[in-house]
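Values below: every heavy atom of this structure, side chains too, minus hydrogens, waters and symmetry copies. First the proteins, then the strands, lettered A, B, ... as listed; each starts at 1.
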2 protein chains.
Amino acid sequence: MSEQVELNRSTEESKARLRLWLRLLGVTRKIENELRDKLRRDHNTTLPRFDVMSALNRHRDGLRMSELSGVLKVSNGNVTGIVDRLAEEGLVERVPVPGDRRAMMARLTPRGQDVFAGQAAEHEAWIDALFADMGADEAQGFAVRLKELAEALETREDKE
Amino acid sequence: MSEQVELNRSTEESKARLRLWLRLLGVTRKIENELRDKLRRDHNTTLPRFDVMSALNRHRDGLRMSELSGVLKVSNGNVTGIVDRLAEEGLVERVPVPGDRRAMMARLTPRGQDVFAGQAAEHEAWIDALFADMGADEAQGFAVRLKELAEALETREDKE
DNA sequence: TTTGCATACTTCAATCTTAAAATATTTGCC
DNA sequence: GGCAAATATTTTAAGATTGAAGTATGCAAA
């Protein structure tokens with residue numbers, strides 16, 4: 001009978017976690033959709049392009065293609081295509097890595113930095129408005145907890 | 001000077017919200033990638049296919065194509081393609097809506113229900129493991145707060 | 001009842017995305 | 001030095017995704 005109780009508790013717990021996951025996914029998609037619309041409307045760009053430029057903006061010396069895909073949590077081939085298109089427009093450039101001819105650094109061009117600066121300022125204001133419901137303290141607490149969760153995920157043995 | 005203080009406070013607040021958003025996005029992508037791998041490895045399917053079947057499973061009478069895209073927060077054209085592929089495999093079927101010849105209901109076939117049941121059981125266990133860091137109470141509190149945020153987002157005037 | 005706008009869905013072109021194969025280079029081992 | 005395995009990136013094919021255009025049907029006002 002205590003096992004029955006345990007089973008019920010466990011099932012309830014897993015249901016709670018599942019609901020949390022579905023909420024997380026729903027909120028994230030909703031916000032992504034809003035940002036996508038605004039980026040297209042106001043800056044004639046896309047979310048993946050913004051993400052790439054944002055990552056490169058945080059790393060002024062540039063990032064290797066593989067580091068870029070790692071940061072963005074997308075595949076290698078994916079960033080190849082996005083960087084190709086940004087490079088065609090002169091917003092990003094590929095720079096060879098001294099000492100390793102296999103590798104390539106991607107980095108913002110001066111024009112890319114200018115263009116991104118305008119996008120980023122608005123982006124921050126959009127986020128600010130979308131999360132208006134949440135004060136700074138709560139947002140920070142939330143972020144800290146999510147960071148712990150992320151670390152737990154990284155640490156996890158991927159045996160399953 | 002008090003305006004300077006206000007500006008600083010406001011900027012700090014918006015930075016905290018931005019960090020929260022980046023964490024939310026990062027955790028969501030990480031988990032999506034894990035689920036994608038597992039679905040492919042163990043069930044030879046994809047995340048969008050699972051999402052469609054999951055939505056249809058929660059609505060046994062079926063959903064109109066437009067309801068389906070609304071629930072999943074993706075475009076109409078997108079679900080058309082995914083339902084096409086699921087229908088080819090006999091997992092989903094399209095049913096005309098009596099009284100409105102423009103509309104179509106998508107619903108799981110009996111085989112689709114069987115196949116999905118197997119996927120869903122494992123999916124719940126995966127989520128349970130991924131969120132092992134978080135107890136049921138915390139997960140529920142988190143979910144409640146996200147729901148409030150989602151409602152605030154829905155209510156927001158989209159004037160910007 | 002006809003005409004025009006709205007609705008539901010599909011199609012289309014472009015971009016994004018993944019997983020796997022291919023290419024080029026580096027590194028370790030003998 | 002030379003070869004095998006590992007690493008960094010690109011290419012490829014299939015699927016996913018969007019936004020806009022196209023098609024068919026419904027609805028409502030004149």
_Base of dT25(C) paired with side chain of Arg101(A) (donor-acceptor, under 3.5 Å)_ = no

*Would a distance-only check, ignoring hydrogens and angles, find a side-chain to backbone donor-acceptor pair under 3.5 Å from Glu13(B) to Ala136(A)?*
yes

_Donor-acceptor pair (no angle test) under 3.5 Å: Arg102(A) side chain, dT7(D) base_ = yes

*asked:* Around atom NZ of Lys147(B), are there more than 12 heavy atoms from other residues, nucleotides or ligands closer than 6.0 Å?
replied: no

*Phosphate OP1/OP2 of dT18(D): any Asn78(B) side-chain N/O under 4.0 Å*: yes

_Once you apply a heavy-atom cut-off of 4.0 Å, does Ile82(B) come out as touching a base, just sugar-phosphate, or nothing?_
sugar-phosphate

_Atom-pair distance (CG on Leu68(A); C1' on dT9(D)), nearest Å_ = 12 Å

*asked:* Quick check: on DNA chain C, is the nucleotide nearest Asp37(B) upstream (toward 5') of the one nearest Arg85(A), or the reverse? Name the residue that is more 5'.
replied: Arg85(A)

*Just call it for Arg29(B): base, sugar-phosphate, or nothing, with non-hydrogen atoms closer than 4.0 Å on any strand.*
nothing

*Is the shortest side-chain N/O distance from Arg94(A) to OP1 or OP2 of dT10(D) below 4.0 Å?*
yes

_Heavy-atom side-chain contact between Gln113(A) and Arg60(A) under 4.5 Å_ = yes

*For Ser75(A), answer base if it contacts any base atom (sugar-phosphate contacts may also be present), sugar-phosphate if it contacts only those atoms, and nothing otherwise; contact means non-hydrogen atoms under 4.0 Å.*
base

*Short side-chain to backbone donor-acceptor contact, Arg29(B) and Leu72(A), under 3.5 Å*: yes

*asked:* For a quick check of understanding: with a heavy-atom distance under 4.0 Å over all strands, which category does Gly77(B) fall into, base, sugar-phosphate or nothing?
replied: base

*Please determine if a side-chain N or O atom of Thr46(A) lies less than 4.0 Å away from the OP1 or OP2 oxygen of dC16(C).*
yes

